[in-house]
*Asks:* 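Take this structure first; my questions come after.
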Amino acid sequence: MIKITFPDNSTREYPKGITGLEIAKSLSNSLAKEVLSVTVNDEVYDLTRPINNDASIKFNKWEDEEGMDTFWHSSAHLMADALESLYPGIKLGIGPSIENGFYYDVDPGDDRTISEDDLPAIEKKMKEIASQKKPYVRKEIPKKEALDYYSDKGDEYKVELLEDLEDGTISFYTHGNFTDLCRGPHLPHTGYIKAFKLLNIAGAYWRGSERNKQLTRIYGVSFPKQKLLEEHLLMLEKAKERDHRKIGKELELFTFSQNVGSGLPLWLPKGAQLRERLENFLKQLQREHGYEQVITPHIGQKELYITSGHYAKYGESSFKPISTPTEGEEFLLKPMNCPHHCEIYKFKPRSYKDLPVRLAEFGTVYRYEQSGELHGLTRVRGFTQDDAHIFCRPDQLKEEFIKVIDIIFIIFRALAFKDFLVQISLRDPGDKEKYIGSDENWEKAEQAIVEATKEKGLEARVEYGEAAFYGPKLDFLVKDVLGRKWQLGTIQVDYNLPERFDLEYTGSDNQKHRPVMIHRAPFGSMERFVAILTEHTAGKFPLWLTPDQVVILPISEKVHNYAEKVLNFLNNCDIRALIDLRSEKIGKKIRDNELKRIPYLLIVGEKEVENNTVSVRKQGEGDKGSMNLEEFTNFVNKEIKNQLESIKK
RNA sequence: GCCGAUGUAGCUCAGAGGUAGAGCGCUUCCUUGGUAAGGAAGAGGUCAUGGGUUCAAUUCCCAUCAUUGGCUCCA
């Protein structure tokens with residue numbers, strides 16, 4: 001007998017070799033129906049895998065991350081099975097579960113392609129196999145035998161994967177006629193997979209390297225109930241409604257023109273207004289935090305970037321230099337602002353008493369992004385960073401770093417960004433060639449970030465290989481509506497550029513010292529930030545920020561004069577209002593302006609003229625009753641004040 | 001950059017080897033209507049661009065450009 005300990009610390013005895021499913025059944029039938037896999041000590045087991053020793057176990061259901069993972073992983077096998085039977089000889093790469101479903105990378109062979117049109121046929125085959133309730137069977141075999149199996153099969157991808165595995169036994173999973181090299185765990189049988197949809201198809205390099213062959217990746221998602229699938233698909237549909245590219249068009253925030261060039265956003269009046277308001281908000285915040293605004297040109301001598309190291313690193317993959325017509329001097333469109341700011345620092349000798357020097361600029365930069373990378377406003381070739389560089393003494397570094405974190409949090413709070421990831425981006429220890437600077441400087445910089453993060457009590461994920469080439473970063477990542485992560489705020493510690501630009505200050509010892517630099521951008525870029533903000537708010541921007549706060553809707557022409565009076569009154573009170581004078585019925589005007597996401601609609605008719613009031617309607621909420629103009633302006637101003645005050649807390 | 005898809009009116013989209021359609025928007029007229037779509041008429045398109053096949057191409061083929069789903073990249 002073995003002793004099984006449950007999450008509530010209760011224990012029970014079972015015969016050796018009992019399976020998770022049997023244990024679940026012994027507890028309750030309904031549990032046995034819901035459970036998908038079982039965590040035995042720290043390893044996730046198939047429900048049908050025997051447990052041979054005392055263990056503490058936890059059942060994983062659909063609601064548990066591990067359960068979902070098992071479910072999707074088995075779904076990937078199910079799909080691969082269907083693919084093998086529809087495309088004999090197809091070679092399989094890897095097929096993991098991911099955040100929102102699963103995929104499988106396959107090589108259909110040189111003379112075959114799989115396209116989106118083929119997905120329904122694959123789904124049909126999957127359905128067929130699922131309904132047969134084929135059990136997933138785990139088998140452990142020696143590595144040698146596994147290698148032989150895949151060599152015979154001619155699947156070089158699996159052979160390659162096997163070769164990288166440690167010697168010893170390898171686990172395989174089989175259901176029906178399909179066998180796959182796999183660590184598991186899996187569901188008891190294919191019948192668990194009741195609802196699924198293959199979503200899209202894409203090319204993906206084998207093992208993620210551009211030098212390798214491109215395989216066909218098929219993405220799918222699956223659920224234990226049809227209803228959950230339907231909900232998921234509906235959610236995806238709804239997410240598309242919030243896409244900043246769609247809303248940006250509807251609300252006339254920005255556009256692109258082929259004639260200007262791809263990846264070069266054109267900010268329309270409403271978008272420019274929104275952006276300017278955000279910029280002013282941050283400028284004010286930065287003033288309060290001891291920053292000074294500077295302005296630098298859009299180009300700089302090529303040598304500047306050779307000095308900074310950017311040219312060596314990115315020169316080849318950038319816009320080509322432009323040059324003066326007679327002397328042939330070469331200039332680059334500036335891809336970042338730091339070298340310019342370093343030169344501003346050098347404008348005069350600095351004393352330790354002057355530090356920190358905090359130079360801020362909404363600096364527009366240009367980078368050649370690969371054509372396949374361009375994406376709405378989130379990935380563009382010309383964009384404006386809310387950049388600043390803090391030049392400080394080494395003893396000020398941590399404090400300055402923490403102050404920047406505070407600014408980022410003020411902004412995220414102001415705009416109700418609650419779901420974000422904090423990431424410490426360090427260098428790839430296996431590839432130090434990619435970075436400039438001494439190990440010693442890197443270690444100091446990395447330590448500073450780790451300490452500051454700890455001091456602020458941030459839960460940060462550490463990612464190696466994500467650092468900038470001159471220093472490590474603390475990045476703030478936020479997801480867009482389609483679940484893609486984008487870096488917004490970033491704080492970077494840099495010992496290297498001060499050295500390369502030979503920056504100094506005079507210390508209290510009257511000696512020359514090297515300052516440390518912090519690069520930071522709380523928004524990241526105005527383009528990307530506005531994109532994400534648009535998606536998070538679905539275009540319903542906070543009242544203080546939104547381009548048009550109020551629209552006046554006269555019921556008939558008879559009250560146009562009064563409507564104009566209301567407009568003037570509001571504008572004089574610094575409320576951004578406009579007026580809808582079309583000869584449409586009030587229902588139509590309400591509908592159109594609701595869709596424009598204008599926060600307040602003021603309906604005025606003869607009744608309002610008589611009483612000198614407006615009938616207030618809040619976007620998305622409906623009728624709020626009537627108010628006189630003073631009441632309404634107070635009401636709006638109070639809301640704005642509340643919004644801005646809650647930010648500062 | 002790579003693999004795939006898409007490109008038709010300002011927007012969202014339908015369409016077929018015989019030179020184009022809807023809804024919304026726009027203009028004009030009627031209507032002056034009280035809390036999410038009043039009615040009518042009209043204007044508006046070298047069917048992304050360049051080649052090719054064909055008696056005939058917007059439709060089929062190729063290339064380019066752009067957009068797009070991924071991959072790779074991201075100072």
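In what follows, chains are A, B, ... by sequence order, proteins preceding strands, each numbered from 1.
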*Asks:* Of the nucleotides B/G33, B/G69, B/G4, which one has an atom closest to the side chain of A/Arg245?
*Replies:*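 Selected nucleotide: B/G69.
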
*Asks:* How far apart are the C-alpha atoms of A/His519 and A/Tyr470, what are their side-chain angles, what is the distance that settles it, and do they pass the ring pair (Phe, Tyr, Trp, His ring centres under 6.0 Å) test?
*Replies:* CA-CA 11 Å; A/His519 309 239; A/Tyr470 50 73; 4.5 Å; yes

*Asks:* Give a yes or no on whether a donor-acceptor pair under 3.5 Å exists between the nucleobase atoms of B/C73, that is its base, and the side chain of A/Arg379.
*Replies:* yes

*Asks:* Please state how far atom CD in A/Gln492 lies from atom P in B/C74, giving the value in whole angstrom units.
*Replies:* 13 Å

*Asks:* So which nucleotide from B/U35, B/G34, B/A66 ends up closest to the side chain of A/Lys607?
*Replies:* B/G34

*Asks:* Hey, does the side-chain of A/Tyr205 have a donor or acceptor N/O within less than 3.5 Å of a partner on the base of B/G1?
*Replies:*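 By the distance-only test, yes, there is a pair.
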
*Asks:* Any idea which of B/G1, B/U67, B/C30 is nearest the A/Ser583 side chain?
*Replies:*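 Closest of the options to the side chain of A/Ser583: B/C30.
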
*Asks:* Of the listed nucleotides (B/A36, B/U67, B/C74), which one gets closest to any side-chain atom of A/Arg617?
*Replies:* B/A36

*Asks:* With the side chain of A/Gln370 defined as its heavy atoms from C-beta on, choose the nearest nucleotide among B/C2, B/A36, B/G1.
*Replies:* B/G1

*Asks:* Nearest to the side chain of A/Arg484 - B/G70, B/G4, B/G38?
*Replies:* B/G70

*Asks:* Would you say B/U35 has OP1 or OP2 under 4.0 Å from some side-chain N or O of A/Tyr600?
*Replies:*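 Answer no for this pair, as no side-chain N or O of A/Tyr600 is under 4.0 Å from OP1 or OP2.
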
*Asks:* Return whichever of A/Ser556 or A/Lys434 has its heavy-atom-nearest nucleotide of RNA chain B closer to the 5' end.
*Replies:*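 Counting from the 5' end, the first nearest nucleotide belongs to A/Ser556.
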
*Asks:* Ring-on-base stacking between A/Tyr314 and B/A75, under 5.5 Å between centres and under 30° between planes: is it there?
*Replies:*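 Stacking is present between B/A75 and A/Tyr314, given that their ring centres fall under 5.5 Å apart and the planes under 30°.
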
*Asks:* Please say which of A/His340, A/Glu361, A/His341 ends up in a side-chain hydrogen bond (donor to acceptor under 3.5 Å, both in side chains) with A/His389.
*Replies:*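 Single pass found, and it is A/His341.
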
*Asks:* Pick out which of A/Leu377, A/Leu253, A/Val260 makes a side-chain contact (heavy atoms from CB on, under 4.5 Å) with A/Pro265.
*Replies:*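 With A/Pro265 as partner, A/Leu377, A/Leu253, A/Val260 yield a single side-chain contact (heavy atoms from CB on, under 4.5 Å), made by A/Leu377.
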
*Asks:* Nearest of B/C2, B/G34, B/C65 to any side-chain atom of A/Gln214?
*Replies:* B/C2

*Asks:* Looking at every heavy atom in both A/Glu116 and A/Ile201, which two are closest together, and how far apart are they?
*Replies:*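 Minimum heavy-atom separation between A/Glu116 and A/Ile201: OE1-CG2, 3.4 Å.
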
*Asks:* Please check the phosphate of B/G70 (OP1 and OP2 only) for any side-chain N or O of A/His375 closer than 4.0 Å.
*Replies:*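 Negative; the distance criterion is not met.
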
*Asks:* Mapping A/Asp592 and A/Gly376 onto RNA chain B by nearest heavy atom, which one lands closer to the 5' end?
*Replies:* A/Asp592

*Asks:* Taking the ring of A/Phe632 and the ring of A/Tyr600, is the distance between their centroids below 6.0 Å?
*Replies:*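 Ring-ring flag for A/Tyr600/A/Phe632: true, centres closer than 6.0 Å.
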
*Asks:* Could you check which of B/A75, B/C73, B/U32 has an atom nearest any side-chain atom of A/Met336?
*Replies:* B/A75

